[in-house]
Amino acid sequence: MATVQTPPQTQLTMVQAIRSALLEEMERDQDVVILGEDIGVRGGVFLITEGLIDKFGPERVIDTPLAEAGIIGAAVGMALYGLRPIAEIQFIDFIFPGFDLLVTEAAKIRYRSAGQFGVPMVIRSPYGGGVRGGAYHSQSPEAYFVATPGLKVVVPSNPYDAKGLLIASIRDPDPVVFMEPKKIYRAVKSEVPAGPYEVPLGKAALVREGKHVSIITFGAMVQVALEAAGLLAADGVEAEILDLRTLQPYDTQAILTTVAKTGHVVLLQEAPRIGGYCAEIAAYIAEHAVEHLEGPIVRVAGWDTAFPYALEKVYMPNAQRVVRAVKKTLNF
Amino acid sequence: MATVQTPPQTQLTMVQAIRSALLEEMERDQDVVILGEDIGVRGGVFLITEGLIDKFGPERVIDTPLAEAGIIGAAVGMALYGLRPIAEIQFIDFIFPGFDLLVTEAAKIRYRSAGQFGVPMVIRSPYGGGVRGGAYHSQSPEAYFVATPGLKVVVPSNPYDAKGLLIASIRDPDPVVFMEPKKIYRAVKSEVPAGPYEVPLGKAALVREGKHVSIITFGAMVQVALEAAGLLAADGVEAEILDLRTLQPYDTQAILTTVAKTGHVVLLQEAPRIGGYCAEIAAYIAEHAVEHLEGPIVRVAGWDTAFPYALEKVYMPNAQRVVRAVKKTLNF
Amino acid sequence: MRIEPFTDTPLSILAYDGTPKENPDSLGLGKDDYLHMYRWLVFVRGVDDRGYILVRQGRAGFYAQIAGQEAAQVGSALPLLKDDWMYPDHRSQGSMLVKGLSAAEWFGHVLGRTLDPTQGRLMPHGPGRRDLHIVPPASTVGNKITEAVGTAMAQRIKKRKEITICYMGDGATSEGDFHVGMNFAAVYQAPALMFVQNNQYAISMRTDQQTRTKTIAEKARAYGMPGYFVDGNDVLAVYAVTKHCADRARSGNGPSLIEAYTYRYGPHSSADDDTRYRPKGELEMWRTQRDPVTRMRRFLELRGWWSEEQEQRLQAEIKAQLAAAMEEAEKSPPPAPLTVFDHVYETLTPHLAWERAELAAELGV
Amino acid sequence: MRIEPFTDTPLSILAYDGTPKENPDSLGLGKDDYLHMYRWLVFVRGVDDRGYILVRQGRAGFYAQIAGQEAAQVGSALPLLKDDWMYPDHRSQGSMLVKGLSAAEWFGHVLGRTLDPTQGRLMPHGPGRRDLHIVPPASTVGNKITEAVGTAMAQRIKKRKEITICYMGDGATSEGDFHVGMNFAAVYQAPALMFVQNNQYAISMRTDQQTRTKTIAEKARAYGMPGYFVDGNDVLAVYAVTKHCADRARSGNGPSLIEAYTYRYGPHSSADDDTRYRPKGELEMWRTQRDPVTRMRRFLELRGWWSEEQEQRLQAEIKAQLAAAMEEAEKSPPPAPLTVFDHVYETLTPHLAWERAELAAELGV
Ligand SMILES: Cc1ncc(C[n+]2csc(CCOP(=O)(O)OP(=O)(O)O)c2C)c(N)n1
Ligand SMILES: Cc1ncc(C[n+]2csc(CCOP(=O)(O)OP(=O)(O)O)c2C)c(N)n1
Ligand SMILES: [Mg+2]
Ligand SMILES: [Mg+2]
């Protein structure tokens with residue numbers, strides 16, 4: 001991890017941390033532009049881009065018509081030209097009208113041009129449940145992006161990482177899908193330095209050390225893992241928590257290390273289980289660390305349904321479910 | 001499996017078998033309509049719908065404008081109304097402009113209407129490599145569909161199954177993505193009965209028995225697995241081959257049975273490895289059958305790149321790679 | 001009113017003050033019909049006001065008001081027949097109520113109770129009802145347009161004399177699905193009404209930021225389809241144009257685009273802060289000078305068909321009706337936890353059955 | 001020729017027989033320019049003919065011929081300046097060649113050799129070249145339109161006097177991305193030329209099955225953008241209209257849609273059987289009476305600038321040039337196996353490095 005440089009630190013929410021990354025990168029580099037629905041005068045529906053249009057004008061803070069294919073497509077065309085566009089998708093559930101531009105174009109142009117063209121762009125978007133958003137304001141579609149070679153996929157779990165990962169994503173030469181856990185947009189604060197810094201892509205963070213079981217997760221679920229670890233500790237079970245931070249490319253070394261240490265694995269995600277991201281981690285472990293496993297790899301995930309509105313609480317993974325999963329693998 | 005009823009059997013290719021399923025189901029049920037690009041007078045680019053427009057007219061064999069969102073969206077609207085549309089996507093690489101209609105609408109309407117509305121439709125489309133199709137006529141995007149609750153996903157590996165699975169899909173009350181391995185459209189023949197029959201969704205087929213290792217795969221890769229099994233047999237290794245046929249919902253029982261029997265697993269798919277479908281199978285086994293594993297679960301897959309044109313042979317999984325994977329898990 | 005496509009100014013029958021510019025009786029309507037229409041305007045406004053209160057009370061997670069757009073919704077839904085299909089968008093509850101959804105169901109929907117025909121599955125911007133041929137809207141803007149056209153194509157294939165109406169906002173016309181759906185509708189001459197409520201904003205984006213055309217209606221030119229530009233706050237004009245297009249579609253003469261020019265009074269939704277983007281005075285102007293409910297009332301008064309006393313009686317009657325509906329909704333229980341697994345597929349897959357058992361164990365049920 | 005949008009008949013300068021309907025010199029072109037244009041027409045036809053042979057020899061997996069559409073491509077590419085950007089589609093090799101791609105590179109592309117600037121990564125319907133600002137097309141119809149507009153928006157943001165041209169077929173205009181791209185281009189007044197080669201078919205689908213409008217050009221009305229309908233087999237008319245729109249865009253006056261009405265002689269691609277859907281006689285009519293190359297030649301002959309002898313000399317010269325180009329392409333090796341991992345990302349990820357090592361072990365390299 002890049003050394004954190006400078007003194008002026010403040011307690012910021014994730015919204016504030018992300019906004020400060022945008023602001024500082026736009027100040028640093030004229031080629032950084034942002035585009036999306038309602039990001040100008042409205043400041044974005046979560047106010048992440050508040051005030052940026054006043055500072056940088058409508059040519060660099062581009063309010064767009066209501067068309068995700070246009071937002072992503074235009075961003076790709078800008079990136080090919082040499083700008084560094086950051087596209088906002090208002091909720092990640094609405095990325096699908098522009099999905100073709102993402103998987104067919106953004107992800108593959110470097111490859112199909114044999115490296116002549118690159119697509120240095122970021123798509124940032126709030127994802128996930130817990131805000132009474134129902135089926136179309138709650139999804140966690142990371143599995144689609146990860147199954148697409150050419151994309152990088154980043155999910156911060158706290159304000160410090162959010163800023164550093166976003167800056168690293170903006171500076172990255174390849175397209176990055178940056179998924180922001182909206183449930184904790186304002187719920188969690190952390191120390192965030194005032195100047196620019198990078199949290200490198202591809203590196204996981206060990207957010208809790210433990211010796212009995214490894215809980216591997218990311219994004220908003222890190223909070224749930226921490227809560228579970230608290231409950232487990234009361235029972236004498238010390239859980240190690242690995243926050244992947246980057247889902248693609250993921251930190252294989254960190255995964256192997258924790259699995260070798262504990263021998264027990266629980267994987268935790270919000271998305272439905274079948275075909276979800278954690279399947280990849282399970283598969284990786286089953287191929288490369290099977291000799292360390294002392295119990296089944298248990299997945300805790302959203303149920304394999306659409307995301308419900310009234311039954312949201314029943315749907316979302318919670319600490320109790322994680323505890324049960326841990327016991328399942330430990331008592332194997 | 002439904003008992004196969006009737007005498008007149010003929011050797012058919014997959015193209016012919018699929019065509020006969022369409023023809024017979026359209027004869028049986030007035031509500032079955034087909035729609036897609038060039039499926040009318042042109043008979044489809046692979047001639048699967050050849051002659052159907054003459055038989056059923058342009059109201060039931062609907063040549064569409066060039067817009068996959070329209071094809072899928074119109075099919076959804078027809079299905080909601082009570083028809084049984086079968087939408088053809090000319091190549092599955094081109095499903096993405098209509099992806100939103102598939103994952104946001106087709107997959108979720110039954111759920112969001114609390115069962116009031118169903119979407120009994122089939123999307124059939126050729127997939128996969130081996131035809132010099134390059135990045136956009138070769139993909140195997142099943143992982144996206146499987147990660148979407150509400151969709152069923154079916155991939156036949158031979159003409160007999162193709163017909164029976166397609167008929168079962170047409171009659172199924174839920175949306176089915178039916179992926180046709182175009183590499184073996186005309187390469188493999190099998191006995192196909194003349195009348196209608198169903199191969200039930202959700203049931204795998206054991207295409208080869210063996211005791212040392214389980215190769216779990218589907219679609220065009222079944223041929224590769226068989227070739228590998230031949231090579232292995234020469235070395236005294238008896239591979240069991242499970243053809244999943246339905247990827248969602250998949251046949252957990254068949255998987256557990258073969259894993260318990262052999263203790264060694266190789267998973268084989270054409271798509272890139274990371275986040276691919278086989279990860280789900282690995283995860284399932286690692287959760288529910290870890291006690292039977294005597295070696296790592298090894299995945300053989302496409303490389304994690306876009307699909308190349310000139311280097312297609314280097315890209316596609318082949319029997320040698322499967323053999324190497326088998327040895328890796330056996331010599332563990 | 002001559003009903004012509006592609007006019008520069010909105011087609012209208014009533015002036016802003018309710019004076020008829022021409023005799024609306026040529027529409028074939030009589031006193032009872034006018035009173036009926038007015039009652040609907042007052043009723044849907046009442047339902048919406050009550051519904052919105054639930055969010056402010058913290059009892060609902062979301063609400064998108066229709067206030068200001070009642071005439072567009074009532075006027076376009078009244079010409080529909082029982083067998084016609086409706087694809088509402090996230091701001092069409094007025095149309096749904098006219099089509100047959102009950103106020104109690106709407107409140108049940110907003111509260112996420114089992115009285116909701118969609119069982120609390122959706123954020124509250126629209127349930128559906130199969131028997132009424134109302135398809136439940138999703139949040140996603142625009143992607144019901146191609147489906148609505150597919151339904152209309154099916155109606156034509158089955159040679160039924162039915163039509164399908166599809167509601168969308170001005171913002172939705174920027175999505176690719178608008179284009180694809182319009183084109184399919186025209187190519188197949190599907191009996192579809194593409195009904196745009198142009199309330200001048202898509203959240204914060206004004207229509208002139210959304211598109212460079214002066215009207216939405218003229219976009220129909222790109223599809224060889226007629227496009228009608230109508231005053232969306234004039235319930236009679238909306239009714240007349242919709243009826244005209246419905247008849248046309250029903251008799252096999254193909255689809256139409258209708259743009260109802262209107263204005264929303266509330267924020268985009270309960271999560272919005274509209275003071276950030278609305279120019280000062282604009283809202284007040286529309287509310288005081290162009291209100292669709294008041295306009296129709298003035299018309300009735302000019303005809304001598306409506307009095308202050310009748311108004312008060314109507315208000316009281318609706319108030320009571322809505323109180324009863326709310327009570328019914330509140331009594332309705334929320335969906336049971338294990339129902340979360342229902343209706344992913346028609347029948348439970350083995351995997352879902354396993355998950356259901358896991359949850360049952362967790363809950364001890 | 002007055003260059004006006006939304007005409008009912010295609011704008012043209014040369015009659016089918018090559019007679020000028022009006023003096024084309026008003027375009028500011030002289031003899032050398034006309035000869036230059038003609039040479040390009042002959043050259044791109046020659047390249048294409050040779051390229052197609054490779055499929056018939058089984059040395060390429062796919063080919064989409066441009067025969068019949070040479071004037072549309074040459075006429076629209078010639079007005080471009082060096083810094084302008086080009087987004088070709090799957091049938092635009094004529095334009096790419098004019099923009100600077102060499103014939104040898106094209107053949108290398110068709111053969112999948114390293115001479116291909118895109119290193120055999122794509123099915124052969126178009127390489128790209130960064131230094132020439134040619135973006136490599138994908139197969140997917142229509143999805144480069146929004147990107148092209150993004151590039152044009154960037155050119156405007158950076159205050160460059162450049163423009164971007166985006167090629168597409170008639171079929172592509174049915175995709176949602178066409179709509180979205182057109183709308184963005186108009187809203188931001190991006191310096192973009194949306195150039196439609198209407199060759200009357202999208203594989204088997206005739207334009208009248210694709211849309212209900214008479215022309216593609218009139219679709220521009222839905223975006224508040226001018227739409228020009230031009231005879232795509234008249235290289236002078238295409239040149240004139242494109243130049244007009246390019247100048248307009250370059251001086252900050254926004255985008256245009258251009259529909260070049262043309263015809264393809266070959267099947268859709270080497271995998272197609274066009275006899276299944278083409279009406280009898282149609283192809284022959286176009287080939288014998290409206291050929292774009294012949295038409296320009298007749299014009300030159302009428303002016304007394306071209307003889308049979310000059311023609312033969314040109315043909316021979318190009319033949320030799322292409323033989324050399326083909327030889328160069330054939331000498332170029334196919335890409336090395338391990339390069340399959342290059343350029344997924346700018347740098348190899350650990351996972352790809354591991355896969356690369358696996359393949360190296362497999363190949364013993
Ligand atoms: C595809 C998609 N993109 C973005 C959103 C977020 N969103 C919800 S409503 C809305 C504006 C809709 O405007 P309009 O179509 O004019 O309808 P109105 O809300 O004004 O009735 C937006 C951007 C969404 N729901 N779906
Ligand atoms: C999104 C998408 N759908 C379908 C196809 C298959 N396909 C390739 S070219 C083509 C027709 C294109 O027609 P048009 O745009 O008129 O261009 P033309 O080939 O006539 O030059 C089709 C349907 C595709 N490549 N991409
Ligand atoms: Mg609006
Ligand atoms: Mg064409």
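Keep in mind it's a predicted model, so treat the numbers as computed, not measured. All values below come from the heavy atoms of this structure, side chains included, with hydrogens, waters and symmetry mates left out. In what follows, chains are A, B, ... by sequence order, proteins preceding strands, each numbered from 1.
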Practice item. Sort out for me which of B:Ile95, B:Asp93, B:Val265, B:Thr148 touches chain A most, counting heavy-atom pairs under 4.5 Å. Key: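 Top option by heavy-atom pairs under 4.5 Å: B:Thr148.
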Point to revise | Top contributor to chain A interface from B:Tyr309, B:Phe332, B:Phe145 [non-hydrogen pairs under 4.5 Å] | key: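 Of B:Tyr309, B:Phe332, B:Phe145, B:Phe332 has the most heavy-atom pairs under 4.5 Å with chain A.
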Could you look at [X] and say if it's the side chain, the backbone, both or neither that has a heavy atom under 4.5 Å from chain A?
X	result
B:Glu142	neither
B:Thr329	neither
B:Gln139	side chain

Which heavy atom in [X] sits nearest to a heavy atom in [Y], and how many Å separate them?
X	Y	answer
B:Tyr136	A:Thr104	OH-O, 2.8 Å
A:Arg299	B:Tyr284	NH2-N, 4.0 Å
A:Glu287	B:Val298	OE2-CG1, 3.5 Å
B:Gly275	A:Ala147	O-CB, 3.6 Å
B:Gln248	A:Ile274	OE1-CD1, 3.8 Å
A:Asp304	B:Pro149	O-CB, 3.5 Å

Look at [options] and state which one has the largest set of heavy-atom pairs under 4.5 Å with chain B.
options	result
A:Ala271, A:Ala306, A:Ala282, A:Gly134	A:Ala306
A:Ala143, A:Pro272, A:Pro97	A:Pro97
A:Leu102, A:Val103, A:Leu293	A:Val103

Practice item. Please flag which part of A:Tyr250 lies under 4.5 Å from any non-hydrogen atom of chain B: side chain, backbone, both or neither. Key: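 A:Tyr250 touches chain B through side-chain heavy atoms alone.
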Exercise for review: May I ask you to decide if the ring planes of B:Phe99 and A:Tyr144 are parallel, tilted or perpendicular, using 30° and 60° as cut-offs?
Suggested key: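 It falls in the perpendicular class, over 60°.
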**Study point:** Atom pair NE2 (A:His288) and CD1 (B:Ile297), whose distance is rounded to the nearest 0.5 Å
**Key:**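 A:His288 NE2 to B:Ile297 CD1: 11.5 Å, rounded to 0.5 Å.
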